[in-house]
Amino acid sequence: MVKEYIIESGNPKNKYLKVSIPGAKNSILPILAATMLLPSKVKLFNVPKINDINNMIKIIISLGGTVVWNDDFLEVDCTAIIGQKISFSLTEKVRSSILLVGPLTVIFGKSIIGLPGGCRLGLRPIDIHVNGLRSFGIKTSKENNKLVSQSTGLKPASYNLKFPSVGATEHLLITSLLIKGESILNNIALEPEVLDLINFLKLAGADILRSQRRLKIEGGNKLSINQYRVIPDRIVAASWITAAVITRTNLQLLDFPKKLLCDFLSVLKLIGVDIEYSENDILISCPDKLSPFNITTGPFPEFSTDIQPFMAIIACTIKGISRISELVYENRFQYAEELKKLGADIQINEKTLYINGDRRLVGCTVIGKDIRGTAALGLASLISDGETKLVDVGFISRAYEDFDKLLESFGAKVKSVI
Ligand code: UD1
């Protein structure tokens with residue numbers, strides 16, 4: 001596994017780039033969990049070879065499922081699932097493992113599943129998952145580093161999520177489909193990946209009616225789907241766009257639905273980035289001078305918490321003070337301290353960053369602490385003079401297939417240290 005990138009910035013050879021974006025990690029993970037509901041194989045197209053997906057696949061195989069990589073699709077067969085236990089050594093590597101608690105407990109009556117891992121972005125409680133499951137008649141308790149769950153009279157339910165959690169929406173939706181009768185979920189998340197899961201399930205025959213943040217679900221129907229193509233990854237797309245904006249390179253995103261990035265694109269437009277749409281492509285070009293901005297993260301369609309670290313790098317190229325407020329996670333500014341090491345003029349005030357972009361960055365050693373923060377630091381190396389050593393890049397392979405190629409497309413020379 002690659003441990004470090006040594007990145008030397010340079011000028012892009014090509015000032016007009018075109019890119020196709022792979023499938024969304026955050027769509028594929030819940031769809032893989034939902035394959036537990038299918039009585040036959042399914043082919044998933046547009047699946048990138050990244051570690052979060054590899055780790056979810058390992059979990060499915062550990063439960064008795066079969067997963068085969070083909071050239072352009074992943075074939076998943078969960079018809080012979082027999083396991084109801086997942087070890088902590090598997091679940092600590094991928095947070096979406098929690099999505100299997102409900103389905104396995106409904107199918108087998110009980111389950112013992114390691115606590116979910118993932119990036120340390122804050123407290124990341126699982127109370128909405130656990131309380132939601134309880135309303136369906138699934139009792140869950142924490143024992144050491146495991147979740148022990150038991151079904152105690154399964155029943156459809158009406159449940160209001162106290163916050164539109166992405167994972168809890170997906171988890172409770174998948175679980176409700178296994179329980180006969182009408183369930184209601186209120187205050188659901190509307191992130192594009194949640195809508196993609198709903199689309200997948202509806203194409204499989206699930207009876208799901210969505211009205212704004214409310215889902216009416218008729219559980220207990222038999223589902224079946226042969227193949228599905230997931231939506232492209234908006235966070236990977238935002239990484240490419242950020243690289244284009246900070247290096248003032250023209251970029252064409254091929255076949256990319258603009259609604260997936262409405263939050264990011266509308267802010268870019270406001271600060272002066274030129275964005276055009278041609279058929280299904282998005283064309284980005286950027287003047288030298290951009291305006292500072294104010295953003296606050298929140299549930300979709302508010303500004304994405306996953307994209308805010310990239311806005312900090314964009315802010316480093318804009319004269320004046322930009323403000324970023326993070327309201328989704330408690331601990332999402334870890335990258336900012338590292339960015340300061342590169343010379344960025346940043347003030348951190350609890351939930352808000354103030355970035356004065358009128359400073360030249362200079363390469364040095366910076367440490368990755370979570371997926372998107374590490375990617376943001378990699379992007380910052382593109383505008384840092386000389387050499388940047390990015391340490392702990394293991395996070396990047398959890399979500400990006402070829403992050404080094406991305407940097408190289410924008411003129412960097414990247415040496416991977418194993
Ligand atoms: C998903 C995304 C992640 C993104 C996040 C928010 C995946 C695999 N990951 O993570 O990239 O940053 O959505 O858009 O899709 N919360 C609770 N109790 C719960 C669950 C969540 O309080 O039971 C809180 C969390 O601590 C956090 C907020 O809700 O403050 C959002 O979390 P959630 O939407 O659940 O994020 P994930 O599904 O883990």
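Whatever order the structure lists ligands and atoms in, that order sets their numbers, starting from 1. Keep in mind that what you see is a predicted model, and the values were worked out from it rather than measured.
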Does [X] approach ligand 1 within less than 4.0 angstrom via side chain, backbone, both or neither, non-hydrogen atoms only?
{"X": "Glu170", "value": "neither"}
{"X": "Val166", "value": "both"}
{"X": "Asp306", "value": "side chain"}
{"X": "Ser96", "value": "side chain"}
{"X": "Arg332", "value": "side chain"}

Distance filter under 4.0 Å to [X] heavy atoms, resulting ligand 1 atoms:
{"X": "Arg95", "value": "39 (O)"}
{"X": "Asn26", "value": "2 (C), 7 (C), 8 (C), 9 (N), 11 (O), 15 (O)"}
{"X": "Thr305", "value": "6 (C), 12 (O), 14 (O)"}
{"X": "Ile126", "value": "19 (C), 23 (O)"}
{"X": "Gly167", "value": "35 (O), 38 (O)"}

Distance-only donor-acceptor check, side chains Gln308 and Tyr329, under 3.5 Å: no
Distance-only donor-acceptor check, side chains Arg95 and Ser97, under 3.5 Å: no
Contact check, Ala189 vs ligand 1, heavy-atom distance below 4.0 Å: no
contact_flag Glu193 ligand 1 heavy-atom lt 4.0 Å: no
Check whether any side-chain N or O of [X] sits under 3.5 Å from a backbone N or O of [Y] as a donor-acceptor pair, and report yes or no.
{"X": "Ser384", "Y": "Gly363", "result": "no"}
{"X": "Ser239", "Y": "Ile235", "result": "yes"}
{"X": "Glu401", "Y": "Lys49", "result": "yes"}

Backbone or side chain, does any N or O of [X] fall under 3.5 Å from an N or O of ligand 1?
{"X": "Tyr329", "answer": "yes"}
{"X": "Phe163", "answer": "no"}
{"X": "Val328", "answer": "yes"}
{"X": "Lys25", "answer": "no"}
{"X": "Asp127", "answer": "yes"}
{"X": "Ile128", "answer": "yes"}

Parallel, tilted or perpendicular: rings of Phe45 and Phe73 (30°, 60°): tilted
Nearest non-hydrogen partners of Gly368 and Leu390, listed with the distance: N-CD1, 4.4 Å
Before accepting this row, confirm whether a basic side-chain N of the pair [X]/[Y] lies closer than 4.0 Å to the acidic partner's carboxylate O.
{"X": "Glu338", "Y": "Lys369", "answer": "yes"}
{"X": "Lys162", "Y": "Asp127", "answer": "yes"}
{"X": "Arg234", "Y": "Glu193", "answer": "yes"}

Where at least one partner belongs to residues 17-36, residue pairs that pass side chain to side chain donor-acceptor pair (under 3.5 Å), sequence neighbours excluded: Lys25-Asp52, Ser27-Asp196
Under-4.0 Å heavy-atom contact between protein and atom 17 (C) of ligand 1: yes
Which side-chain N or O atoms in residues 295-305 pair as donor and acceptor under 3.5 Å with protein atoms at least two apart or in another chain?
{"residue": "Thr297", "atom": "OG1", "partner": "Glu326", "partner atom": "OE1", "Å": "3.4"}
{"residue": "Thr297", "atom": "OG1", "partner": "Glu326", "partner atom": "OE2", "Å": "3.4"}
{"residue": "Thr297", "atom": "OG1", "partner": "Leu327", "partner atom": "N", "Å": "2.9"}
{"residue": "Ser304", "atom": "OG", "partner": "Asp306", "partner atom": "N", "Å": "3.0"}
{"residue": "Ser304", "atom": "OG", "partner": "Ile307", "partner atom": "N", "Å": "3.3"}
{"residue": "Thr305", "atom": "OG1", "partner": "Glu326", "partner atom": "OE1", "Å": "3.0"}
{"residue": "Thr305", "atom": "OG1", "partner": "Glu326", "partner atom": "OE2", "Å": "3.1"}
{"residue": "Thr305", "atom": "OG1", "partner": "Arg332", "partner atom": "NH1", "Å": "2.9"}

